[in-house]
Structures are given as structure tokens and as C-alpha cells.
Amino acid sequence: MPAAAPDPIVAIATAPGRGAVGIVRVSGAGLGPLAQALTGRVLTPRHASYGPFTEADGSPIDHGLALFFPAPHSYTGEDVLELQAHGGPVVLQLLLARCLQAAAEPDPVRGAPRLPHLRLARPGEFTERAFLNDKLDLAQAEAVMDLIDASTAAAARSASRSLAGEFSRQIRQLVDGLIQLRLLIEATLDFPEEEIDVLAAHDVPGQLSKLQQTLTQVRARARQGALLREGIQVVIAGQPNAGKSSLLNALAGAELAIVTPIAGTTRDAVRQTIQIDGVPLHVLDTAGLREAGDEVERIGIERAWGHIEQADAVLWLHDLTRQGAPDYAAAEAQIARGLADRLPAGVPVLHLWNKHDAAPHAAIAPGDIALSARTGEGLDALRRRLLELVGWQGGAGEGLFIARQRHLQALARAHEHLRTAQAHLDGAATLDLLAEELRLAQQALGEITGAFSADDLLGAIFARFCIGK
């Protein structure tokens with residue numbers, strides 16, 4: 001018995017607030033009668049039709065464009081109706097209510113309701129239906145939201161490539177190679193006496209090595225794409241009056257943080273997202289690290305340490321004009337101990353020496369950066385070093401696809417399974433263990449495109465979408 005068609009859904013598909021144009025979108029089976037009730041005319045598929053959107057008594061709600069996309073040639077794979085009206089929230093709410101009302105009204109020809117069970121869409125439900133109807137795979141569906149949320153032009157272009165299927169295509173090529181190798185291995189299991197000859201004749205070691213090399217390349221590109229999507233958390237830390245707020249302002253090109261000669265001016269974190277070579281950097285200016293002078297400053301300092309513990313990179317800002325002072329050195333040593341105790345292993349710390357304009361001849365350690373937040377000296381070197389710290393490969397952005405942490409984790413699992421498969425092939429393990437590792441690698445890759453996906457994963461992904469998308 002065929003599965004029942006899902007309930008038809010409706011939602012306002014444009015962002016809340018006022019605008020020139022607003023869209024109400026409907027998806028489901030058999031939308032023709034509803035479209036005629038709302039517009040008073042039969043719509044030509046995939047042609048924009050201008051006219052009134054009417055109430056039940058024939059009075060107009062608004063005038064606008066109606067577009068009808070019959071299944072399966074639509075975004076969701078179902079019939080889709082889009083009503084483009086003026087973008088006032090009241091107008092769109094009236095149009096939404098009219099859709100629900102008209103769906104429940106009897107059709108003059110059939111007598112039954114035009115569109116039974118029409119309901120408001122859940123967040124992401126239109127795109128979820130596109131995935132379930134094979135219009136998009138899961139990586140492409142996620143790219144829809146990544147394109148909407150892109151914070152830089154490079155991230156938007158990379159999300160567009162993923163939406164067009166570039167990432168999915170590379171995953172499918174890997175899966176096809178794994179399937180071919182699995183078929184060969186599993187067929188060989190039926191003829192164990194010919195095992196060595198079959199493996200050599202079909203160059204199984206060479207095929208496995210090629211898959212590992214291709215997977216390594218895909219992982220490298222995915223890591224770059226993840227940087228474009230998520231950016232990195234960069235925390236500016238150091239003693240009071242080292243110039244942390246001035247550095248944030250200089251990097252952002254705006255007066256975001258208050259700058260005064262008074263120690264302890266910054267009490268809570270000031271956050272700003274900047275971009276370098278298309279990579280978003282979420283930079284936090286934190287309270288100066290010292291023995292707190294009052295309760296408010298103590299709370300600010302503790303929050304600063306909390307941000308440091310969550311950082312992807314720490315900019316430790318030193319003051320060149322106080323470099324030789326004994327009390328300053330003692331405070332620096334205390335900060336160093338705190339970083340050693342509280343900073344997770346592997347998080348890079350970049351030592352910056354500010355106020356170089358006031359102490360141009362002061363010596364610093366190799367690898368440190370001298371700069372002046374006041375004049376801008378050294379900022380370009382700092383930007384380049386930040387990209388190096390996070391592993392960004394300059395100039396690679398034009399060929400990247402967007403990626404998420406779950407994609408990176410799936411690729412890492414696939415890499416580990418192929419590495420174990422290689423160990424089985426090189427050792428004395430049986431072929432059934434090799435075949436199992438190849439199966440697990442294929443399953444990990446299939447989680448990226450949705451070939452293997454649990455319902456709770458799908459729910460978590462699409463719940464983050466906006467309503468109407």
C-alpha cells in the first residue's frame with residue numbers, strides 16, 4: 001500500500017518586517033483549486049501571473065504575482081504555489097490566513113474541501129521535503145542555510161558550490177570507488193583459494209591507496225570550507241592598558257571599544273566579526289588580566305578567562321613601554337601560568353608587542369610581532385599570521401565548497417576506516433575484516449549526503465532553518 005501523501009504546508013517565506021515584496025509559499029499535492037480560489041483564475045505553470053489575491057467575498061487583499069510549479073518540477077518536488085505581494089506584515093498575515101481559509105472551503109466542482117489538512121510549515125520543512133523527494137541531498141540542503149547565513153562573500157560563493165552539488169559529487173565519487181572495491185573483495189571471499197591472485201590482478205592495494213589519497217584531498221578542502229562557514233574565535237588577552245581595545249578598534253576599523261588611560265576600563269567582552277581574505281574572525285576584547293580591584297572587575301576577569309578557554313587562537317598583547325619593569329614582568333609570568341593551566345592543548349598563542357611607535361628600538365623574541373594599534377604598524381603582519389595559525393591556504397577560496405563540523409567528523413571516520421583497511425591488507429588479517437572496514441567507511445561518507453541518516457539528525461538539521469525555507 002503506498003504511503004499517504006504528507007499534509008500540505010504554508011508559510012510566509014520572507015523575513016519578518018516590512019519590505020517591498022513578501023512571499024507566501026504553499027507546498028503539497030493538488031494545489032490547482034486553491035490557486036484558483038486565491039487568484040480567481042487558472043494559473044499557467046511556471047509563468048508569473050499578475051492580479052488580485054481575493055478574500056472569500058471577492059474583495060482584494062492585495063495585487064501581486066502568482067506562480068504555480070506543478071510536481072515534480074518544483075523546489076520541494078510537490079506542487080508549489082508562491083504568492084508575491086507587498087511586503088507589509090499585516091498584508092502577509094492576511095494572505096496566510098486566506099490560504100488556510102480557502103483550503104478548508106468546499107470546492108465548487110467536487111464539493112470536498114479544496115486542500116484538506118493544510119497547516120503552517122515547521123522551520124525548514126520546505127527544504128526537508130526537497131531532500132525527502134530527492135531534489136537535494138543532505139549536504140545540498142544544509143548549503144541552503146549556509147548560503148543564507150554566509151557572513152563573507154567567499155563563504156557565500158562556497159555555499160553556492162555546495163548547493164550546486166560540488167561537495168556531494170566528490171563524496172559520491174569516493175562512495176562509488178568504495179562500492180567497486182567492496183564488490184571485488186566480497187566476491188573474492190567466495191573463492192579463498194584464489195585470493196592472492198584476484199587481489200593482485202585487480203590491483204586492490206593500488207585502488208585502496210588511490211581512495212585514501214582522494215579522501216585526504218577532500219578533507220583538506222572541507223577543512224578550508226569549514227573555516228569559511230564558521231570562522232575562528234580569536235581572544236585578545238593581556239594586562240590592563242596594554243592596548244587590547246585599541247587593537248580591536250584598529251582591526252575592525254571602527255571605534256567599538258572604549259579606550260582610556262584608566263586601567264580596567266573594559267569590564268565585559270566586546271565582540272566584533274572581521275574578515276581576512278574571506279575568512280570570518282570573531283574577535284573578542286576582554287578585561288585586563290590582573291588582581292581585581294573590585295567585584296565587577298573580578299567578574300569581568302573571570303569571564304575573560306572563560307573566553308580564553310573557548311578560543312581557537314589567543315592574541316597575548318604585551319606593552320613594549322613597560323617591558324623591563326619588575327612588577328610588569330611578574331604580572332606577565334602570572335598570566336603565562338594561567339594560560340598554561342587553562343588553555344586547551346593545541347590552541348595557538350600569538351605574542352604581540354604593542355606601542356612600537358613609542359619604543360621603536362625595544363627587542364622582542366623571534367616569531368613575535370611588534371605593532372602599534374595607534375598607527376596601524378604591524379597589523380598586516382598580524383592578519384597574515386592569524387591565517388597561518390588556523391591553516392588557511394591563501395588563494396584557495398575560489399575552488400572551495402562549504403563544510404560543517406559534522407562533515408569533517410564523518411570524513412575523519414572514513415579516513416580512519418580506510419587506514420585500518422590498509423593495515424588489514426598489509427597484514428595477515430582476513431578479507432572479511434577488510435570488507436567490513438570498507439563498509440564502515442562508505443557508511444560514514446553516506447552520512448554526509450544523507451544516504452545513511454538517523455531521523456533525529458534530520459530533525460536537528462532542519463530545525464535550524466527559518467520558517468518558509
side-chain hydrogen bond (donor to acceptor under 3.5 Å, both in side chains) assessment of Thr449 paired with Ser168: CA-CA 6 Å; Thr449 58; Ser168 302; over 6 Å; no
Thr127 vs Tyr75, side chain to side chain contact (heavy atoms under 4.5 Å, CB included): CA-CA, chis, key distance, verdict: CA-CA 8 Å; Thr127 304; Tyr75 179 70; 2.7 Å; yes
From CA spacing to verdict: side chain to side chain contact (heavy atoms under 4.5 Å, CB included), Glu332, Trp316: CA-CA 10 Å; Glu332 291 283 277; Trp316 186 355; 3.8 Å; yes
Step-by-step side chain to side chain contact (heavy atoms under 4.5 Å, CB included) determination, Ile179 to Leu438: CA-CA 8 Å; Ile179 291 173; Leu438 296 178; over 6 Å; no
Working for side chain to side chain contact (heavy atoms under 4.5 Å, CB included), residues Ser372 and Leu379: CA-CA 8 Å; Ser372 169; Leu379 292 184; over 6 Å; no
His356/Glu377 under side-chain hydrogen bond (donor to acceptor under 3.5 Å, both in side chains): CA gap, chis, key distance, verdict: CA-CA 8 Å; His356 191 243; Glu377 175 193 355; 2.7 Å; yes
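For the atom pair His318 NE2 and Trp353 CH2, the distance stands at 5.0 Å (nearest 0.5 Å). To the nearest 0.5 Å, the span separating CG on Asn354 from OG1 on Thr321 amounts to 8.5 Å. Atom CG of Leu315 is separated from atom CG of Leu386 by 5.5 Å, given to the nearest 0.5 angstrom. Between atom CG of residue Leu163 and atom CG of residue Leu136 there is a gap of 6.5 Å, rounded to the nearest 0.5 Å. Atom CD of Gln173 sits about 12.5 Å away from atom CG of Leu215, to the nearest 0.5 Å. The CG atom of Leu227 sits 11.0 Å away from atom CG of Asp277, with the distance rounded to the nearest 0.5 Å.
Contact record, Leu320 with Ala362: CD2-CB, 3.6 Å, taken as the closest heavy-atom pair. Minimum interatomic distance between Gly278 and Leu228 (heavy atoms only, all atoms of both residues): O-CD2, 3.3 Å. Pairing each heavy atom of Ser162 with each of Ala143, the nearest pair is CB-CB, 3.6 Å. The two residues Gly468 and Ala13 make their nearest non-hydrogen contact at O-CB, 3.6 Å. In terms of heavy atoms, Ser27 sits closest to Glu78 at OG-OE1, 2.5 Å. Residue Glu309 comes nearest to Arg342 through the heavy atom pair OE2-NE, 2.7 Å, listed as atom of the first residue, atom of the second, then distance.
Proximity of a side-chain donor or acceptor of Asn133 to a complementary backbone N or O of Arg129 within less than 3.5 Å is detected. Although no hydrogens or angles enter the test, the distance criterion places a donor-acceptor pair under 3.5 Å between the side chain of Thr214 and the main chain of Lys210. In this structure a side-chain-to-backbone donor-acceptor pair under 3.5 Å is missing from Ser246 to Ala373. Remark: side-chain polar atoms of Gln207 are not paired, donor with acceptor, to backbone N or O of Leu181 under 3.5 angstrom. At least one donor-acceptor pair closer than 3.5 Å links the side chain of Gln323 to the backbone N or O of Ala363. Proximity of a side-chain donor or acceptor of Arg383 to a complementary backbone N or O of Gly378 within less than 3.5 Å is not detected.
Using a 4.5 Å heavy-atom threshold, the side chains of Ile308 and Leu339 count as touching. When side chains are defined from C-beta on, Leu92 counts as touching Thr14, because their heavy atoms get closer than 4.5 Å. For the pair Thr216 and Arg219, the minimum side-chain heavy-atom distance is 4.5 Å or more. Residues Arg122 and Ile467 form no side-chain contact, since every pair of their non-hydrogen atoms from C-beta on lies 4.5 Å or further apart. Contact check for Gln272 versus Leu281: no side-chain heavy atoms found under the 4.5 Å cut-off. Glu128 is not listed as a side-chain neighbour of Thr76, based on a closest heavy-atom distance of 4.5 Å or more. The side-chain heavy atoms of Asp285 and Arg271, taken from C-beta on, include no pair separated by under 4.5 Å. With a 4.5 Å cut-off on side-chain heavy atoms, Leu350 and Leu382 count as touching.
Within a 6.0 Å sphere centred on NE2 of His86, heavy atoms belonging to other residues, nucleotides or ligands number 12 at most. The local environment of CZ in Arg18 is sparse, with at most 12 non-hydrogen atoms from other residues, nucleotides or ligands closer than 6.0 Å.
With respect to Glu416 and Arg413, no salt bridge is recorded, no charged nitrogen being found less than 4.0 Å from a carboxylate O. Arg419 and Glu437 are not joined by a salt bridge, as no carboxylate oxygen comes within less than 4.0 angstrom of a charged side-chain nitrogen. For Asp137 and Arg172, the salt-bridge test passes: some basic side-chain N is under 4.0 Å from an acidic carboxylate O. Using a 4.0 Å cut-off between charged nitrogen and carboxylate oxygen, Arg404 and Glu230 do not count as a salt-bridge pair. Ion pairing between Asp146 and Arg229 holds under the 4.0 Å rule for side-chain N and carboxylate O. Remark: Lys469 does not engage Glu125 in a salt bridge, criterion side-chain N to carboxylate O under 4.0 Å.
Side chain to side chain, Gln213 and Gln217 fail the donor-acceptor criterion of an N or O pair below 3.5 Å. In this model, a donor atom of one side chain and an acceptor atom of the other lie less than 3.5 Å apart for Gln422 and Asp426. Side-chain N/O atoms of Gln275 and Thr152 include no donor and acceptor closer than 3.5 Å. No side-chain donor-acceptor contact under 3.5 Å links Asp357 and Thr375. Looking at Glu142 and His407, their side chains do bring a donor and an acceptor atom within 3.5 Å of each other.
Annotation: cation-pi pair Arg25/Phe126 present, NZ/CZ under 6.0 Å from the ring centroid and within 45° of its normal.
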